[in-house]
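What follows is a single structure, written as structure tokens, with notes after it.
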2 protein chains.
Amino acid sequence: MTLQLDDIDLKILALLQQHGRLANQELASLVGLSASPCSRRVKALEEAGFIAGYATLLDPKHFDLQLTAYIQVRLEKHSQAILDAFELAMSSYDEVLECCLLTGSDADYQLKVLVCDMEAFKRFLLEKLTTQQDIAGIRSSFVLKQVKNQTAIPLPKS
Amino acid sequence: MTLQLDDIDLKILALLQQHGRLANQELASLVGLSASPCSRRVKALEEAGFIAGYATLLDPKHFDLQLTAYIQVRLEKHSQAILDAFELAMSSYDEVLECCLLTGSDADYQLKVLVCDMEAFKRFLLEKLTTQQDIAGIRSSFVLKQVKNQTAIPLPKS
DNA sequence: GCTGAAAAGCTCTGCTA
DNA sequence: TAGCAGAGCTTTTCAGC
């Protein structure tokens with residue numbers, strides 16, 4: 001932490017969240033600074049860990065990735081070794097975009113999976129998920145419509 | 001579409017997904033091109049719609065955003081007007097990162113919500129979600145551990 | 001901590017092959 | 001469709017406030 005954010009920092013972060021490749025010069029003029037302090041602030045924000053990284057967002061439709069599924073997984077046993085093995089396996093699969101351990105649900109894990117079609121989904125289930133040890137149950141839901149899917153997190157309103 | 005991707009394009013996209021602000025020059029050398037054809041390819045990929053945008057990823061922990069919840073929402077009626085109103089409202093809330101219409105679940109919508117703490121979550125439920133018309137039921141699950149949370153989509157392995 | 005100017009580096013475009 | 005080279009722009013560093 002060790003860095004107190006002011007309004008300008010928050011503006012910078014809000015703009016960068018939406019436009020990751022905004023040129024420093026333009027960013028500076030949008031937040032009302034000249035270029036040099038602006039780039040210094042961005043660097044400080046990176047070094048303090050506020051900025052986790054930069055990403056290019058691709059359009060799944062252009063790659064024939066037309067099926068997004070949420071899979072809820074229940075495990076038989078809950079020893080650390082079993083959880084670790086499951087997490088490690090899921091982390092290694094490219095089609096698993098998200099994997100989290102849940103509470104308040106009858107499932108243990110929820111996965112978000114992105115694949116081409118139902119056939120590829122079936123292969124994921126049969127070849128990658130159900131080959132895991134100690135799975136007690138699986139329930140899949142499919143996305144009919146992505147209403148919203150943003151990477152930007154809510155920031156304090158300055 | 002109208003653009004057939006070759007191995008180099010896929011390499012470029014794979015690198016950019018992970019490092020959104022990679023300088024063109026370095027990208028070029030990583031994929032084995034010189035700078036100019038590389039920047040021309042990136043531009044073509046943007047214009048063809050493969051690249052949806054660029055984002056800066058922030059670290060939620062540095063902003064005291066410590067509670068991620070998935071909320072499953074069931075609606076009473078399913079007229080287009082009601083669905084539209086619900087989607088529009090959810091789209092307008094910063095703390096709603098994802099909102100999608102589901103099938104294969106007893107819920108209609110799943111939301112992914114990111115807030116500071118349980119208190120803020122309660123406010124979201126009471127002030128923003130349950131004020132919606134025609135909600136038949138809500139079930140919340142909380143994330144205990146984010147095992148994986150990536151923006152990169154799976155690309156053909158060249 | 002900001003500004004402004006100068007140096008270094010990067011990107012883009014047209015040209016050549 | 002790649003590579004080269006020059007023009008233009010961006011970033012960064014440094015002195016001054």
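Just so we're on the same page: letters track the sequence lines, and every chain starts at 1. In this text the structure is predicted, and so the values were computed from the model without any measurement.
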> With ring centroids as reference points, do Phe63(B) and Phe50(A) lie under 6.0 angstrom apart?
Replying inline: yes
> How sharply is the helix from dG1(C)-dC17(D) to dA17(C)-dT1(D) bent, taking the axes over five pairs at either end and rounding to 10 degrees?
Replying inline: 20°
> Just to confirm, is there a sub-4.0 Å distance from OP1 or OP2 of dC2(C) to any side-chain nitrogen or oxygen of Arg41(A)?
Replying inline: yes
> Do you see a donor-acceptor pair shorter than 3.5 Å between the side chains of Tyr54(B) and Gln18(A)?
Replying inline: no
> Could you state the CG-C1' distance from Leu45(A) to dG1(C), rounded to the nearest angstrom?
Replying inline: 15 Å
>> Can you tell me if Gln133(B) has over 12 outside heavy atoms packed within less than 6.0 Å of its CD?
In response: no
> Do Tyr109(A) and Phe86(A) make the cut of ring centroids closer than 6.0 angstrom?
Replying inline: yes
> What is the minimum heavy-atom distance between Pro154(A) and Leu65(B), and which atoms define it?
Replying inline: O-CD1, 3.3 Å
Can you list, pair by pair, the side-chain donor-acceptor contacts under 3.5 Å of residues 112-123 of chain B, counting residues two or more places apart and other chains?
from: Lys112(B); atom 1: NZ; to: Glu98(A); atom 2: OE1; distance (Å): 3.3
from: Lys112(B); atom 1: NZ; to: Glu98(A); atom 2: OE2; distance (Å): 3.2
from: Asp117(B); atom 1: OD1; to: Glu119(B); atom 2: N; distance (Å): 3.3
from: Asp117(B); atom 1: OD1; to: Ala120(B); atom 2: N; distance (Å): 2.9

> In whole angstroms, how far is the C1' atom of dT11(C) from the CD atom of Glu46(B)?
Replying inline: 13 Å
>> On a heavy-atom basis, which atom in Ile153(A) and which in Pro60(B) lie closest, and how many Å separate them?
In response: CD1-CA, 3.9 Å
> Of the candidate nucleotides dT3(C), dT1(D), dG3(D), which contains the atom at the shortest distance from the side chain of Pro37(B)?
Replying inline: dG3(D)
> How are the rings of Tyr93(B) and Phe124(B) set to each other: parallel, tilted or perpendicular (split at 30° and 60°)?
Replying inline: perpendicular
> Using a cut-off of 4.0 Å between protein heavy atoms and nucleotide atoms, how would you tag nucleotides 7-12 of chain D 5' to 3' with B, S and -?
Replying inline: ---SBB
> Quick one: Leu27(B) CG to dC10(C) C1', roughly how many Å, whole number?
Replying inline: 13 Å
